[in-house]
Amino acid sequence: MHPDRTLWRFWIPLMFSVMFQQIYNIADSMIAGKFAGEDALAAVGASYPITIIFMAFAVGRNLGASVVVSRLFGSGEIKGVKCAVTTAFVSSFGLATILTVFGYFFSSNMMEWIHTPQNIMADGIIRGAGAMTYFVAAAVPDLIIRILFALMFRKNYGSTGIWMAWPFGWLAATVLTSEVRYRENA
C-alpha cells in the first residue's frame, strides 16, 4: 500500500477523535456558563492550561513508548515488544499517579502561578478535582466501546480499524458526561 494512503487512513480517525475532544470541551464550557455562572465558566478556562500541561506529559511519554514499540516490532523482536508494552503500561500508571498526587496537593499553587483571579480560584480548584469524577465515569464506557469497535473493525480494516474505534469511544464518553452533568445541574 502506498504511504500516502496509509497516512490518510491513520489521520482521518485521529482527526475525528480530536474533533470529539473539542466538542466535549465546548459542551463543558456551555454547561458551566449556562448552569453554574460566569465564575465557573472562567474557572474552566483558567484551569485548562494546567490540564494541557499534564496531558502533554502523558502524551509525550506515550509517544516515546510508541517509538520504542514500533522499532522493536519492525525489527521482529516480539519478546522485546512485549517487554516494552509492559514497561509502557507500568510507567503510564506511575506517571498518572505522580501527576494526580502533584495536582491534588499543588492545584492552588498552580492556579496562583498562572495569576488566576481570587474570585474564580475556588471554582478552578474544585473543577479540577470534580472533573476527575466525570472523567473516571466516562473512561470506563469509553474503553469498553473502543475495545468492542476495535475488535469489530480490525477484521476488515486492520490497524486502521483499531484507530477508527477511538472516535466512537470518545463520542460515547462525551455524550455520557454531558448528559450526567446536565442532569445534575437541571
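All values derive from a computational prediction rather than experimental measurement. When a residue number appears, it is its place in the shown sequence, counting from 1.
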Validation: residues 78-86 side-chain donor-acceptor distances under 3.5 Å, sequence neighbours left out:
{"from": "T86", "atom 1": "OG1", "to": "K82", "atom 2": "O", "distance (Å)": "2.9"}

Where S92 and R61 come nearest, the two heavy atoms and their spacing:
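S92 and R61 have their closest heavy atoms at OG-NH2, 2.6 Å.
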With hydrophobic residues grouped by side-chain heavy-atom distances under 4.5 Å, do [X] and [Y] end up in a single group?
{"X": "F73", "Y": "F89", "result": "yes"}
{"X": "I52", "Y": "L63", "result": "no"}
{"X": "F105", "Y": "M110", "result": "yes"}
{"X": "F93", "Y": "I98", "result": "no"}
{"X": "V90", "Y": "V59", "result": "no"}

Does a sphere of radius 6.0 Å around CZ in F102 hold more than 12 heavy atoms from other residues, nucleotides or ligands, not counting ones at 6.0 Å or beyond?
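Count over threshold, so yes.
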Going by the rule side chain to side chain contact (heavy atoms under 4.5 Å, CB included), which residues pair with L99 if we only count those two or more places apart in sequence or in a different chain?
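For L99 the side chain to side chain contact (heavy atoms under 4.5 Å, CB included) partners, ignoring immediate neighbours, are F54, F57, L95.
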Partners meeting side chain to side chain contact (heavy atoms under 4.5 Å, CB included) with E112 (sequence neighbours left out)
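By the side chain to side chain contact (heavy atoms under 4.5 Å, CB included) rule, E112 matches M121.
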